[in-house]
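A short worksheet on the structure shown next.
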Amino acid sequence: MMTACRICVALCAAAVTLATSAWADVTVSTSNPPVDTGIGVRLGALMGLETSSLSGLSGDRLRRIGAPFIGPSEDALDGRLMSGSDLDALPEPRGDAQWRCMTEAIYFEARGETIEGQYAVAEVILNRVDSANYPDTVCGVITQGTGRRYACQFTYTCDGIPEVITDQRAWNRAGQIARIMLDDAPRPLTAGATHYHADWVNPHWARVYPRTATYGTHIFYRQQY
């Protein structure tokens with residue numbers, strides 16, 4: 001057995017040496033073409049084609065392509081953290097009145113949903129802020145119609161139940177998500193949704209607006225006019 005192992009090690013070492021010598025003078029360049037006509041030219045041409053192809057892809061698409069090779073510490077290149085443990089590891093979230101409104105909406109509307117589902121609710125709020133059909137601040141969007149029967153836009157603001165924070169970890173996660181989204185993280189989850197409802201209700205606008213996504217018990221729609 002020892003003799004066989006020594007032979008195997010020797011063969012492996014020889015193979016590595018041969019491979020190293022074969023590739024030692026290969027130069028990969030995407031700016032200046034190689035001057036020889038051997039493997040350097042072929043590899044350089046291949047890299048040039050690959051670079052040209054990748055240049056036409058969006059940053060989001062490139063991140064998705066590279067996602068399987070990104071380590072845990074780099075899984076939020078776009079600013080979003082999709083893991084509860086990663087959100088929990090951040091310093092205690094803080095912010096201004098707009099942050100507070102966003103955090104409350106995420107907490108009271110979606111704390112029982114997945115992390116993606118909570119980001120999706122934040123997307124709807126910000127999509128409304130950007131729309132001419134709604135107020136132009138986070139707090140304005142969330143409190144629109146509050147106090148008028150059947151007119152509130154977010155149920156927790158007019159359901160008659162006091163807004164009491166009973167789950168500090170869920171509140172902190174909501175606050176982290178609010179902070180990330182207010183800091184201009186991308187909104188790829190809901191395709192521009194401006195509405196959502198729980199799957200046990202059926203509002204009239206759900207028969208008019210196109211459905212864009214579903215996360216947990218929430219179904220998302222995009223207003224068309």
Side-chain angles (χ1 to χ4, degrees), residues 58-61 63-64 75-84 86-88 90-147 151-159 163 165 170-199 201 203 205-206 208-225:
S58 67
D60 187 60
R61 177 61 177 157
R63 281 191 292 271
R64 292 183 183 182
D75 63 356
L77 295 182
D78 59 14
R80 295 175 301 153
L81 295 175
M82 307 307 286
S83 161
D86 287 342
L87 291 169
D88 293 342
L90 295 175
E92 182 180 352
R94 298 179 184 277
D96 59 11
Q98 302 303 311
W99 169 83
R100 177 83 186 191
C101 287
M102 176 72 86
T103 302
E104 286 183 353
I106 295 171
Y107 179 84
F108 290 111
E109 290 278 309
R111 69 180 179 275
E113 300 294 330
T114 64
I115 298 299
E116 276 190 330
Q118 293 179 54
Y119 274 108
V121 167
E123 284 191 18
V124 167
I125 294 168
L126 293 176
N127 289 339
R128 287 194 172 200
V129 171
D130 291 346
S131 171
N133 295 322
Y134 300 95
D136 58 4
T137 66
V138 169
C139 291
V141 163
I142 292 169
T143 60
Q144 185 179 19
T146 299
C152 67
Q153 300 296 301
F154 293 84
T155 305
Y156 84 93
T157 67
C158 61
D159 60 6
E163 283 78 62
I165 299 166
W171 171 262
N172 287 342
R173 287 185 180 181
Q176 303 294 7
I177 292 170
R179 179 75 277 149
I180 289 168
M181 293 305 295
L182 289 170
D183 286 342
D184 295 323
R187 307 174 206 169
L189 297 175
T190 64
T194 51
H195 292 64
Y196 66 89
H197 67 78
D199 58 11
V201 298
W205 45 259
V208 179
Y209 300 150
R211 182 184 298 189
T212 63
T214 300
Y215 293 99
T217 62
H218 285 154
I219 305 170
F220 295 80
Y221 301 79
R222 183 175 60 252
Q223 187 174 9
Q224 295 295 286
Y225 56 86

Are the aromatic ring centres of Y156 and F108 under 6.0 angstrom apart?
yes
From the list Q98, R128, M181, side chain to side chain contact (heavy atoms under 4.5 Å, CB included) with V138 holds only for Q98
Below 6.0 angstrom between ring centroids: does that apply to F220 and Y209?
no
Does T143 use its side chain to pair, donor to acceptor, with the backbone of T146 at less than 3.5 Å?
no
Determine whether a donor-acceptor pair (N or O, by modelled atom type, separation under 3.5 Å) exists between the side chain of D199 and the backbone of I219.
no
For the pair T194 (side chain) and Q223 (backbone), establish whether a donor and an acceptor sit closer than 3.5 Å, ignoring hydrogens and angles.
yes
Do Y134 and Q153 have a side chain donor and acceptor closer than 3.5 Å?
no
With heavy-atom distances below 4.5 Å as the criterion, would you say the side chains of V208 and Q224 are in contact?
no
I'd like to know if the side chain of W171 and the backbone of Y107 have a donor-acceptor N/O pair within less than 3.5 Å.
no
Rounded at 0.5 Å granularity, tell me how far OG1 in T137 sits from CD in Q144.
10.0 Å
Nearest-0.5 Å distance that lies between atom NE2 in H195 and atom OG1 in T190:
12.5 Å
For the side chain to side chain contact (heavy atoms under 4.5 Å, CB included) test, which of D130, V129, N127 pairs with V141?
V129
Considering all heavy atoms of both residues, which atom of Y215 and which atom of G117 are nearest to each other, and what is their separation?
CB-CA, 3.8 Å
Are E109 and T155 linked by a side-chain donor-acceptor pair shorter than 3.5 Å?
no
All heavy atoms of L189 vs all of Y119, minimum pair found to be CD1-CB, 3.6 Å
